[in-house]
Each structure stands twice: as C-alpha cells, then as structure tokens.
Amino acid sequence: MVPGEENQLVPKEDVFWRCRQNIFDEMKKKFLQIENAAEEPRVLCIIQDTTNSKTVNERITVNLPASTPVRKLFEDVANKVGYINGTFDLTWGNGINTADLAPLDHTSDKSLLDANFEPGKKNFLHLTDKDGEQPQMLLDDSSHVDDSVHDRFIGPLPREGSVASTSDYVSQSYSYSSILNKSETGYVGLVNQAMTCYLNSLLQTLFMTPEFRNALYKWEFEESEEDPVTSIPYQLQRLFVLLQTSKKRAIETTDVTRSFGWDSSEAWQQHDVQELCRVMFDALEQKWKQTEQADLINELYQGKLKDYVRCLECGYEGWRIDTYLDIPLVIRPYGSSQAFASVEEALHAFIQPEILDGPNQYFCERCKKKCDARKGLRFLHFPYLLTLQLKRFDFDYTTMHRIKLNDRMSFPEELDMSTFIDIEDEKSPQTESCTDSGAENEGSCHSDQMSNDFSTDDAVDEGICLESSTGSEKISKPGLEKVEMAETDQRKDSIQFQLGEPNSLMYELFSVMVHSGSAAGGHYYACIKSFSDDQWYSFNDQHVSRITQEDIKKTHGGSSGSRGYYSSAFASSTNAYMLIYRLKDPTRNAKFLEVDEYPEHIKNLVQKERELEEQEKRQREIERNTCKIKLFCLHPVKQVMMENKLEVHKDKTLKEAVEMAYKMMDLEDVIPLDCCRLVKYDEFHDYLERSYEGEEDTPMGLLLGGVKSTYMFDLLLETRKPDQIFQSYKPGEVMVKVHVVDLKAETVAAPVTVRAYLNQTVLEFKQLISKATHLPAEPMRIVLERCYNDLRLLSMPSKTLKAEGFFRSNKVFVESSETVDHQAAFTDSHLWKLLDRHANTIRLFVLLPEQSPGSYSKRTAYQKAGGDSGNVDDDCERAKGPAGSLKSVDAILEESTEKLKSLSLQQQQDGDNGDSSKSTETSDFENIESPLNERGSSTSVDNRELEQHIQTSDPENFQSEERSDSDVNNDRSTSSVDSDILSSSHSSDTLCNADSAQIPLANGLDSHSITSSRRTKANEGKKETWDTAEEDSGTDSEYDESGKSRGEMQYMYFKADPYTADEGSGEGHKWLMVHVDKRITLAAFKQHLEPFVGVLSSHFKVFRVYTSNQEFETVRLNETLSSFSDDNKITIRLGRALKKGEYRVKVCQLLVNEQEPCKFLLDAVFAKGMTVRQSKEELIPQLREQCGLDLSIDRFRLRKKTWKNPGTVFLDYHIYEEDINISSNWEVFLEVLDGVEKMKSMSQLAILTRRWRPSEMKLDPFQELVLESNSVDELREKLSEISGIPLEDIEFAKGRGTFPCDISVLDIHQDLDWNPKVSTLNVWPLYICDDGAVIFYRDRTEEVMELTDEQRNELMKKESSRLQKTGHRVTYSPRKEKALKIYLDGAPNKDVAQD
C-alpha cells in the first residue's frame, strides 16, 4: 500500500520534535509580547461613576497599555461596573484634561495615546448617562446558566455558617441606579421598606393573577367619596398600574402601606404572609361593599366544607357548613417525627375522620346516650383560586420555643382535587342525605382542622378596624347543627358540582410563596408563573429574574440525606410556605387586559402616573447636576455665624450663586447685593482659602470641581461695608486673626484679619500688622496661640512664620505700649497674665433663689447665738441712715465689702510682722486700686467687731466647716478663701430688717476681683471636702510639679453683673451673668456668690443645668469649673451644703396597703459613722415640721429602698458605712409601725403576706410576718397562726414583679406557682433571702367562686381599671408579636393602639 500525500506516515520522532518546536515558538512569541508590553508606556485611568448619588464616591481604576483602543477601555469599564457597553458615556473629569469636555466615542479604534491620554499620569474620567438615560445593568440570561446561578436569583444568600433570618439576608448586587431601569424580564420589582418582603410577595402574586387584576381595574375610584390616600383599592390600583407600565426596576410600596393606616414602624415588623392575605382580603371586602366587586374575594378564593359528627350506631349525623379562604396543611402529624411526603398526603389527612370513643364518646340525640361516633370534614366546594398553607411553624413543648419545620413536602404542578370530594362511605342508606341548615361563615380553616366563625363582630380581632363600617352582616351559628335526615335529591343538589366533567377539578400551580429563615425571622419571596408565556419568574423584592421548574422543586424543602427525627434541623431553611393553584377551566380562565382594553379611568391613571414618573426623572436629572455645599455667613449686624446648605445647578454662574446665597441668608433688608461675594472657606480651621475675582461668569460646576456628594471645603458669603473694598485671597496664604491687647484697660479687642505668607519673617509680619492696626511696629510684642492656652512670644525677628509654627488659620495677640512690662520675663509679665485670664474666662448664667433670704439667713446665722438680740439690733442700727431709715442694699454691700478689704489688708500687715513665712504671699486684692488703703484704724476696729460677731454668732459652724481648733486660736491668714469667708457677713448687714419686704439683692451689684487661686501656706495640707464622702480627685495640691506655688502662678478672675433673661428662659427671676476663671474651685466660686445670694456659702447649693433642663447638684468643692463651658446655666438653691462624709438621702414613706405604696417625704442628711437611731432622732423634728408627722422614735423604722421594693430593715444599732452601705442620691423607706418593733436581729426575716380568698374573689390587706429562720415549715405555721387555716391546708406562692406585686383576682388562682416543693425559702423558685418579699397564701379547700359571664365581665373591668391606676400591670409571658391590623379609615384608633 502506497500512502497518498494526505496520509503520509511521519516517524514518531519527527512528530515529537515538531510539536516541541511549535511549543517553543509560541512561548517565545508570548515572552516577546510580555517584554514589549513591559516596555510600552501604560495609561492609568481613574473613573468616577456620577450616574447617581450612591456611586458618586466610588472610583474604578483601569491600567492599560497606551496602544489599547478606546473601545477596549469601554469594554473593561463596563465589565468592572456591571453596565451594558454602549449605555453610558465617558467624559474627561477634573484632572489634567479638563478643557476637552466632549464624551469619548465607545466605538473608536483610536489608541489611548492618540485620544490624548497621558501615560504615567492619572487620567480622570467621569462615567455619565448616555442621552439622559441611566446605564443599563448587565444581567445574565438565566436560561444559559447552571443551577448554582439559579439559586442566586430565586432566594436570599445566607451568610456562611449562620442561620438564615431577616438579618442574614444578603441581596444581589444592588444600587440606586439599578432601580431606575426595568429588568430585562419586563417585570418590575417592589422595594423592601425594611421587613416588608411578606407584603411584596403577596402583592406580586395578586398582580400576576389575571382575574384579580382585571377586576381591580374595573373598579373606579370616586375621589368625592373618599380620600385617595386612605383608599386601599385605589392605592392597589395605582401600584398595579406602575407594575405594568413603569420603566423602573422597582417601585415603592409606601403609598399602599399608608392606606393601611401604617406608619414607618410597621415596616420593621415582620408578619406572616397568610395572615396578611386574610386581613387584606377582609379589608377589601369592607371597602368594596355596595360595589360590583363586593363578592369578588368569595368568587375567587372562597370554598365550602362540611364539619360533621355521625353516630356509628344509628347513623344520625349532625353537621354545619363552613367557608374557607385557604386550607392549612400540617407538615407532620401531631406527635410524629415523620412528615407527610406530599401535599396530596396532607390533604387526605386533613379530611381523614377520627373516631370518638371511650371518654370522648358523642351524645347522640336519637339514641339518647353516648355512642361511638365519627367526626371529620368533607369538602363541598373548591374555589376557583385554591390557596394551600403549609404549616411550617410549630411549637416545641420540650424547649418551649417556636420552631420551623423544614421537612420535605412535594407539591405537583397540576393537582387533581376531585379525589378529595366526599370520600365518606355512602353504603348505609341512613347516611345518604342531609339538609344544609347551617349558616355560611367566611374565613380560613385552622390547624385543628376546624374552622372558626368569621362574623364581623370579631373583625378587629382578625386585623380589621371597623370604626365606621355599616350594613347588614352575616351571622353565624356556633356549634353543630343537629338535623334530621332528608331526601336523597337534596343531598345531590348540595354537592352537584362534583358530578361534572372528569377534569373539572384539575388545578394548575402558578404561585409559590417561599420562606427562607427560621421561626424567629426570615425572608419571603415569590415564584410565580406568568399566564402570558407560561414562564416561571422569581419576584424577590427589587429583583425579578427568570427561573425553571428545577428551581421550583428546590422549594419542596428537606435535605438529601436522612437524619431521623432531627432531619428538619439539618434541612434547607428555604422552602414553600403558601401555594396558589388556579382551576383549569377554559371558560373561566382569563387573560390580562391589554392597554386598549383598559377602562377609561385606568387609561387616565396610566397617563397620570407616566407624567409623574417623567417629572420624577427630570427631577433626578436636576439632582444629579446640582452642587450641594455648606454655606456660611457672618451676619453683618448680629455678628452671628449663620449656616445653611446651598444647592445650585452646576451650570449656574458664580454671580447667580451669590444672588441665591444672598436671598437664602435673608440679607435683602440688611446690606446691598454688591456688598456680598462667595469665597472658598474652611469652616473647621475658620480659614478663607481663596476668592474668585474675575470669575463671576464661571459655572459653579467648574469652580467647585464638579458635582460631588461631599466637598472638602465650604463657601462663605462674605460681606463688606459700602465704603470698604474686598480683599483678595490667594491660595497659599495663611490667615491670621489679630487681637489687640490694651494693658491699661486690661481688654482684648475683637480680631482683625490679616493675610500673610509662611515664608515671611516675623519682622515683615510686624510691618503687616502695623498697617492693619495702626500700631507702632518697633515696641510691638506678638504672641502666637498655637493651641488652647499655648502662648508663644515671637521674639526672633528673622525667623519665618513657618518656623514659628504658623498654619492655615492662626490667632495672635499684639501689644505695642512702651512700659516696663517689656523687661519682665514673658511668663511673669502683665501681658501673659492678662492673656492667661482671657483664655480661661468663661461666661455663666446664674439663677438666684426666689425665696427671700431674710428669715432663712437669720435662722441659720443667728440660731446658735443664744438669743443675743442686742448684737442684731446694733447691726440694724448701724445699717440705718441719719434719719433712721434703712440704707439701700447697694450701700450696705459696698460698705461691708470695703470693710472686709480693709480688714484683709490690715491682717496682711499684722501677718508680715508676726510671721515671716507669710511675707511671700500675694495679697488677695493687691491688683485692685481702692481707697481702702487710706482709711483709718477706726474702720479696722469696726471690722474686727464685725468679725467677732460672725465668730460668736455661729462658732460651731465655722470651726467645724472651715477651720481647725488651732486655726481659731491663731491669727487669721490672708488667704483668699478666709477673706472670702468673711464676706459672708454681708448677709448680717443686709438682713437686719427681717420684717420688711424682700430686698432685690442682685440689682445694681458689680463684683470685680482678682484673687489668689489657692489657700496660703498657713492652710496647706488642709483638705476642704465638705460635700461628699468620696475621695477628692487630686485637686488639693498647693503647688505644681516644679514646686512653685499655684497662688504665684495664676489669678482667679470673677465678675458678676445683673442679667435680664430672654423670654421663656426664666423671665422674671433674678439672674447674674458671671465671667469667671474656670480654674477657680467650686468653694471659691460659692464664696464669691455669697453677696448675691445673701447667705453663707455653706447654706446654699449649686445645681448645674444641662441641655435637657435636668439639674444635678455640684458638690465637690475642691474641683474646678473646668468642666463648664461658655453660656452654661447654674441654679442656686437655698439649703445647707454637705460636709465631708455626709450624704443627701431621699426619705419615702412605705404605705403597704395604700394604692400608691411609695410617698416622698423629705430630703435628709445622713453622715458616715452615724447610727440608724441617731438618724431617726434627727428626722423626728423634720418630719413634724415639714410633713406633719408626729412620731416617737420607737414607732417607725427605716429600711432599704430599691426602686419601689422595700428591702432590709435597718436596726437602731446599725452604723452607716460600716453595717449599711450608703451613697450619693440614696433612698430609704420610712415605715410607721402599728406596735412594738419585732425585728431585733439580722438573722430574722420580715415578710409581707396577703391572703387570697377564692370564694370571695378578693385579696386581704398585707400583714407582716417576722420569721426566725428561712424554714418553709415556720412560714406555714405563722400563716396558719394569723389566718386560722389548718396547717395542712395552707398553700402559698411568691409574688412577682415590683411591690406590691399586683395581680388580677381573675388570674391569681392559676397563674402563680402555688405550693412550691421546697423546704427553705432561699432556694428556687422562691429565692427569698432579704426582707420585704411578698407571699400570697390561700386555703386549698376553699373553692373558687362561680361567676356568670356578666359578673366576670364586670370584675374584669374593675380589675383592669385597678391595675392600670396602680401602674403595676406586669406580664411575664415572652414579648408578644405585634398583631397585623389594617385600618379602614387610614389611621389607627388610639384605643386600638393601646390594645
């Protein structure tokens, strides 16, 4: 055989080497391409998607060789962002090629290099709409994908390793732009408001039901009769029109839920889709009364069944006819671990009769005895649209939790229901016929296979709120109707529908509502077959996709393997929950109405919705082209910084934007328009970045760098006076706010703005400031505040501003006086002290007490003077003028203040002679020029008398609160605190005339002093913690870390002026506006306030007022005011301040048998180390004076209070802080005793008992039992002793909740845990370990009163009213799910809402 050319034999070696050579050639070629690509320059493109606000912050980066064609760039971008190529444009962004704004050609074969892209640099591009249309999302055709992709479309994607629930739902890639374009399936999705997936699934199913949609379109809304907002049929009609005609991918359902009467909170409540179906159908029926659609729901969804009982001896049968809207099918039979395999099996089980025998025998009316009987259900009529509910939610009685059954239950695509009609054995002639005398009831069958009556009386319970509904209602008769047998032809008439054609009951599946998740929560979506093309689609909220029959089979549930009883736990949590079948009847099966078949009112509605959608589209287009940026403006008159948001179209010019901002800030009547301009502004640094001279006609889009969701800068509407000109702000400049300081007047002027460059020297900067402030540059001192209170003197003229630490925005202080202060070190100079004070001074608003301090101060200041009225009279006489009239308050305070200042100076001089250690201290008033220094010694004598009067009038107060015994005997120091203590004598001068009217102390007062911040060395080491038992926070030290006295470092500034409060903020009260150094201690601050309050600082309290108007007492005297800020409010209240180790305690009376058992009495002060008996002794006079309670010390007790619960009884010998823990804002109960105190030891247990009398349906009053141990036997014995009930008949239970553990008398007999099997009280379920527990007890032989319905209803009303008044209605069942209700009037009724 000679081989031809085509079949020449080639040696194996040649084949091998030839293949090898080809491989080498290919590899070489690839290496060359890689090498060339590496050498070729590359183009970096950064693309910003500006098509919507959700993606505007996203950046897509593409790095391509420079030779890549432009069309390839478009392809790569389309793949990255998920858009269809050709549906979007790419334009140059705000990078280096801003001049060329024309969009790129997506079909161009030009290379990137030829298209003006720059290699090695960033090329910025904007992805924009094409021809005003949103880009189309790239979606795969499900017919070309495998099953794994189908899973992605038809259901949620639970997180790996987690149980599927609402929170676990992960949607497909979704952005706002995807809503704006219709799915390629042609169907529109529904937006999930939060947890409204169950609603979306039902709405899509109804929309895809031709008979329902067509009937809804035929109904016409009459706007004159009803508000369209609250009309449920009209809003459904609108929604269906949008689902059919909208170009969006998904539409909102908020209008529909608003017509239900729901608010936004309902969107966060997940409900059962079957429950929604039933409630919504009922609501539609109510709305459609008196219309053609009145019987639509019944015609489409209602079926009939017979509920019967038949005697097995005589054949007598009793029955009734019930209606249903859906058939509930159990997944597993009760008590079984095996689920039904299919829907057909579950249907057979539904109608399978049960035998009533044994104790369940049926009483036969004919036999007149109990007989065995057969009880069951028979289907008499199936609806046109058959709804099957697969009852996957069950209750596990072992765990006491709801569970979901995920077992597999298959369902056919076509279901023959003829096999389920009347399967009863009809051989006996006695059972052949019955008459239908029962009333028809609308409703849904339930899991017990017995239907409930759906009379309109229960409409509210069924979720429908019928406030105003009228008309005749159907009435159902409860119970089985017992009737005699009738003729056979009557029976045939009642079930004649089953004798038709063989296929008359063949149903086809068209909707599967799927639940994914657990019983605690999950996600619903619907798989629906379109009757237009017989194709299945998945309607999963916003996403609509095409699916197949295989996807439907995956919703049957179950798992691949068998795991026995727990198979459901390991099965997929995504399975069918509701099935809807349609009867296959060509004469009834309808098709969707075409557009030309729409009724006229629907055509008008379609046109209206299209116009609204177009308007919304135009509005979105405007929004996408609108620049939104913060706008600030310093009001030229009020000098208040105003803030707003400027929204300006990108094509508007700067001139037009200025006019918009001018009107927005309401400056028309304040300043001319030509005195305003917009400048670039940094609000955070308070920095003017640049001005826009000569760019008045430039579009704002270019000035701002494009349309962005956020900008890194703001705009400032700058104003000027008509005689001024605007300053030019250039990029790179720094802004400096210059404050001019006047050392003589001790003032700091408002800032003057100066702009400079960082490379300027300090000397040049001085010249610049000199021009702006007209100050001489030679003696000028410049102080830079780099951060809060960080002051730096710029002393080197040749140093640049950058080297000195200048930034974009800076603050400097300048001073140009030629004084000796220049020669002092900066930290010791007057300038530094003034700036330090300026930086630390805050403004506070102080509300003075309304009560006149006259009688109060007299009581506190002189109550311990032993009736020394002579001194008081002398003081009063001194306060009178020549004519005997009273001096003014101002004069008295001024005189007293001058006396105290003079006394302080005199004491300093005496201290200089007597104690050399005091000579280094600074006088409290050395910086105040006062004529006091020139006064004679007579003033000092008067002051010494005044001082002596203060000491003798209240010696105990001053020695215990302010000074040690040694301090009393020693000479007084010159410390600020001691001198301020003396200022409390003002109250003795101003309060002499106790009988006269109130004196306005705050009017016309002005106190201005600079005092030392701490005590002098004479008082060092002495802690001043009057206010709390807690340790101080380390603010007591007299010296800083360097050992320098704090008094030498800083001065405490205080100035107070009368202030008139604004309307609504304390108008009519006495206010002070106080400027104070926030480093001052609370103790010194209070002492400064003494002249204005009129009492000693130890006799008033300071309360800080927060933004919510809550007041909290400030008690730590050694802490500074550093936590306060400008314009904080303070309220002063009269009352003794706390000393160290003291606590303010709220005392409430315990009234165990009153409706309100807790009654507030008074605030008291308990001290550490005090016994309970001592505190009771102090309480007795206060109770008598303030509360009118006249008690002896042995007739009341104190006990622990925890909210409203009484606790441990405090014994008289208990000591606070040792035996009883005490804290700030502590509360105790005061309980009045009926007799002698029985509690003598902590080993005893005080229990409150209450007898329950079931035969009378009432509770006796509380009685206290004192037990010697925690034995249950002792409790029983004591209960038997006080009640007379035999010991063996005593039953008891512990009360629940807060005292008094109220419970309805209708519930107490069965709800409490009676007679627990325990021997001691301190174990479960009692856990009684402390006093105050509530025990209910009863006589077990006492029968419960038999109540008629009328008595029960009356008692229920009384109990409900009683429990609501006491506020102790407590339920212990788990939180109930919120009932699903639809309100027909569009809004929930208040009473219903409270139900």
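Heads up: numbering here begins at 1 and tracks the sequence. Keep in mind that this is a model prediction, so the values were computed, not measured.
Judged by distance alone, with hydrogens and angles left aside, the side-chain atoms of S816 form a donor-acceptor pair with the main-chain N or O of P776 at under 3.5 Å. When atom types are taken as modelled, the side chain of K1101 and the backbone of T1131 share no donor-acceptor pair closer than 3.5 angstrom. Remark: side-chain polar atoms of S829 are paired, donor with acceptor, to backbone N or O of F826 under 3.5 angstrom. E1090 places a side-chain N or O within 3.5 Å of a backbone atom of S1097 that can act as its donor or acceptor partner. Side-chain atoms of Q639 come within 3.5 Å of backbone N or O of P636 as a donor-acceptor pair. Judged by distance alone, the side chain of S691 and the main-chain N or O of V679 form no donor-acceptor pair under 3.5 Å. Looking at D821, its side chain does come within 3.5 Å of a backbone N or O of H830 through a donor-acceptor pair.
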Problem set entry | Residue pair I769, L775: steps toward the side chain to side chain contact (heavy atoms under 4.5 Å, CB included) verdict | CA-CA 8 Å; I769 293 177; L775 295 175; 5.8 Å; no
For this session: Give the intermediate values and the outcome of side chain to side chain contact (heavy atoms under 4.5 Å, CB included) for residues V734 and N810.
Result: CA-CA 8 Å; V734 294; N810 308 273; 4.0 Å; yes
For this session: List the steps and the verdict of side chain to side chain contact (heavy atoms under 4.5 Å, CB included) for L631 and E643.
Result: CA-CA 6 Å; L631 176 67; E643 180 181 347; over 6 Å; no
Exercise. Can you check salt bridge (Lys or Arg N to Asp or Glu O under 4.0 Å) on D1077 and R837, steps first, answer last?
Worked result: CA-CA 7 Å; D1077 193 316; R837 188 188 78 183; over 6 Å; no
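Taking CZ of R781 as the start and CG of L743 as the end, the distance is 6.0 Å to the nearest 0.5 Å. Atoms CE and SG, on M665 and C633 in that order, are 5.5 Å from each other to the nearest 0.5 Å. The CD atom of Q1087 sits 9.5 Å away from atom CG of L1082, with the distance rounded to the nearest 0.5 Å. Residue K680 holds its NZ atom at 9.0 Å from CG of L704, rounded to the nearest 0.5 Å. The structure places OG1 of T773 at 12.0 Å from NZ of K766, a figure rounded to the nearest 0.5 Å. With rounding to the nearest 0.5 angstrom, the CD atom of Q760 is 13.5 Å from the CD atom of E804.
The cationic group of K1078 does not satisfy the cation-pi geometry with F1124, failing either the under 6.0 Å distance to the six-membered ring centre or the 45° limit from the ring axis. Stacking of R677 on the aromatic ring of Y729 is recorded, both the 6.0 Å distance cut-off and the 45° axial limit being met. Note that K630 lies outside the cation-pi zone of Y711, set by a 6.0 Å cut-off to the ring centre and a 45° limit from the axis. Judged by the 6.0 Å and 45° rule, R1104 forms no cation-pi pair with F1112.
Between R1116 and E1119, the shortest heavy-atom distance links the atoms CD-OE2, 3.0 Å. Closest heavy-atom contact between M735 and T753: CG-CG2, 3.5 Å.
Residue E778 places its CD atom among 12 or fewer non-hydrogen atoms of other residues, nucleotides or ligands, all under 6.0 Å distant. Within a 6.0 Å radius of CE in M796, other residues, nucleotides and ligands contribute 12 heavy atoms or fewer. Other residues, nucleotides and ligands contribute more than 12 heavy atoms inside 6.0 Å of the CG atom of D723.
Centroid-to-centroid, the aromatic rings of H1075 and Y1053 stay 6.0 Å apart or farther. Separation of the Y681 and F713 ring centroids does not fall under the 6.0 Å cut-off.
The aromatic rings of W1071 and Y1059 stand perpendicular to each other, their planes meeting at an angle above 60°, with 30° marking the opposite boundary.
Among F765, Y757, Y687, the single residue meeting the ring pair (Phe, Tyr, Trp, His ring centres under 6.0 Å) criterion with F806 is F765.
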